[in-house]
Protein chains: 2
Amino acid sequence: MNKAVDVSCMCGKCGDCPIYNRTVCRAGTTDAMAQLNRIAHQRTYPRGSVIQAQGETCDIVGNIFDGVIKLSSSSVNGDDHIVGLLFPSDFFGRLFAEESRFSYEAATDVSLCAISRPAFERFLADHPEVEHEMHKAKLDELDAAREWAAITNGHTTMQRVATLIYVFSRRSENQHLRGDAARHPIVHVPLSRRDIADYLGTTPETLSRNIQMLSRNDVIRIVDSKHFELLDSAELIRYSGESREDLNRIAAH
Amino acid sequence: MNKAVDVSCMCGKCGDCPIYNRTVCRAGTTDAMAQLNRIAHQRTYPRGSVIQAQGETCDIVGNIFDGVIKLSSSSVNGDDHIVGLLFPSDFFGRLFAEESRFSYEAATDVSLCAISRPAFERFLADHPEVEHEMHKAKLDELDAAREWAAITNGHTTMQRVATLIYVFSRRSENQHLRGDAARHPIVHVPLSRRDIADYLGTTPETLSRNIQMLSRNDVIRIVDSKHFELLDSAELIRYSGESREDLNRIAAH
DNA sequence: CGGGTTGTTGACTTCCATCAAATTCGGTGG
DNA sequence: CCACCGAATTTGATGGAAGTCAACAACCCG
């Protein structure tokens, strides 16, 4: 197998690309990356826009550059359920399928590297070492999806809420904290209450009650609707009903 | 890419293999299959035995020949959740990972073609066209897992029960029906009530109540605890809260 | 023929979805 | 800058679905 070379991302402006060190961008050789650069292009979507609708033909795939994409399935009755969230450096889109079973929607403003699906499939056929990396990443994603399914099922809403906040606290850990280092970390959850509720399989009302409860019990402080100060990490873990190790494994994604 | 040849299954006794026409056994060339035959071997597990424990090193992978494997995640409190079921011709095991996040247990007596994981990974490295097929199969599995997660979340227990029975009715459709063709189909659900409950994210008690309810309303007739006569398919679909098309897509797996 | 497992039924309680109303927030134009 | 509007969030009150505890029946297997 060719040695992977740490080269530029396929987005085309890779000097300052923050996500260059993952899956696709890491596995390919310099030649492969050059090839990718020719077929990839940057795009942005405003919050709320649909990148790929459920049941439509799958046109594009790619890497998320910035923002959060929600992967959701909506049934006939109008109530939809979010089955996954995609973050920067995650791959989005459905390879090797004509139509998408889920919709990909921008939960925040999103910018991404897009590639035409057929073009990327041809690229993968030429570069099995890249497909191998994609395959491994998908196996991890499958494990994560199942792990999340196990959580949303066997647990109370409060446990799910606590788990979510903890996972997001780990995710935003390496970002700049407001104020001095001695302060408690600020957790940023860039989703609306409705989106969080859809992800956790509950309603905005019940979600709000649980968040307020955590606040009343001094586990978190609500800075604004999308920012929480984490006052008592150990207590949050207790509310989640999971062990710290399990939580960290989930957060690792 | 090499042309796929419709050859024998890797289990080694392929003349009468009932599952030869899927993923691995279909994608490889004759040479590849011969190579597989050398490293694969048949094995059987009695009902209830653990094929691969959660957190243990992943030794073996392979194809299921007969029986049902449950893929479950158990938390510290002892309550475990079934995150997936694997049927004949499904691939089991976790490639490219040192330890398994889930346990693979025989829900019924199981016989399978087993291959050492490292040996199979070397095989895949030599045969990218087979890895490509594995990759595609996993993408389908990921979709199915997410679809199931959406079902277990947004729906009532009765809807989940109805969905499960319908899916199993489609699955056992091509098997021999008892009695004459005019009779209603017999649905075989080879799982214990506890396993079904764990899969649906409920309790044996609630599950039992719902099954009895379907029986009282003449949707099904309970032949014995694992066999149901499907009296009114349309009514079952109504109870499931899904459209017939969605159900069939789910059943297609 | 017992004893243990599995499945069913009943009574009670808790959690959460629902409906409804109040409040806050974000943006827009005066 | 402030007033205003609509959307998002929070709070309150209520009913229903389902989990829990407990007892019982059916089944399997030695």
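Each chain gets a letter, A, B and so on, in the order the sequences are listed, and its residues count up from 1.
With values rounded to the nearest 0.5 angstrom, D140(A) atom CG is found 9.5 Å from L142(A) atom CG. Taking CD of Q42(B) as the reference point, atom OG of S111(B) lies at 6.5 Å (rounded to 0.5 Å). Considering CD of E242(B) and OG1 of T163(B), their distance stands at 5.0 Å, rounded to 0.5 Å.
A donor-acceptor contact under 3.5 angstrom links the side chains of S74(B) and Q54(B), judged on distance only. Judged purely by distance below 3.5 Å, without hydrogens or angles, the side chains of T157(B) and N210(B) never pair a donor atom with an acceptor atom.
Remark: P of dA26(D) and CD1 of I211(B) are 17 Å apart, rounded to the nearest angstrom. Counting to the nearest Å, the P atom of dA17(D) and the CG atom of N153(B) are 18 Å from each other. Put simply, CG on L207(A) is 16 Å from C1' on dT18(C), counting in whole angstrom units. Atoms CD1 (I222(B)) and P (dA26(D)) sit 14 Å apart, rounded to a whole Å. Here dT8(C) presents its P atom at 10 Å from CG of D224(B), a figure rounded to the nearest Å. Here dG19(D) presents its C1' atom at 15 Å from CG of L200(B), a figure rounded to the nearest Å. In this structure, CZ of R47(A) is placed 13 Å from P of dA7(D), rounded to the nearest angstrom. A straight line from CG of L191(B) to P of dG7(C) spans 10 Å, rounded to a whole angstrom.
Close to dA18(D), at under 4.0 Å from its OP1 or OP2, lies no side-chain N or O of T202(B). The phosphate of dG19(D) has OP1 or OP2 within less than 4.0 Å of a side-chain N or O from T203(B). The side chain of R194(A) contributes no N or O atom lying less than 4.0 Å from OP1 or OP2 of dA8(D). Contact between the side-chain N/O atoms of T206(B) and the OP1/OP2 oxygens of dG19(D) is found at a separation under 4.0 Å.
Counting non-hydrogen atoms under 4.0 angstrom, G154(B) reaches nothing in the nucleic acid.
Sequence order on DNA chain C of the closest nucleotides to T157(A) and S225(A) puts T157(A) first from the 5' end.
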Next item on the list: For the pair L214(B) and M158(B), evaluate side chain to side chain contact (heavy atoms under 4.5 Å, CB included) and give the outcome as yes or no after the intermediate values.
Entry: CA-CA 9 Å; L214(B) 287 175; M158(B) 177 53 102; 4.0 Å; yes

What nitrogen or oxygen pairs link the protein and nucleotides 21-25 of chain D at under 3.5 Å?
| from | atom 1 | to | atom 2 | distance (Å) |
| --- | --- | --- | --- | --- |
| dC21(D) | N4 | E205(B) | OE2 | 3.3 |

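Side-chain atoms of R193(A) lie closest to dT10(D) of the nucleotides dT9(C), dT20(D), dT10(D). Of all nucleotides listed (dT8(C), dG7(C), dT9(D)), dT9(D) comes nearest to the side chain of K226(A).
Counting heavy-atom neighbours within 6.0 Å of R194(B) CZ, excluding the residue itself, gives a total of 12 or less.
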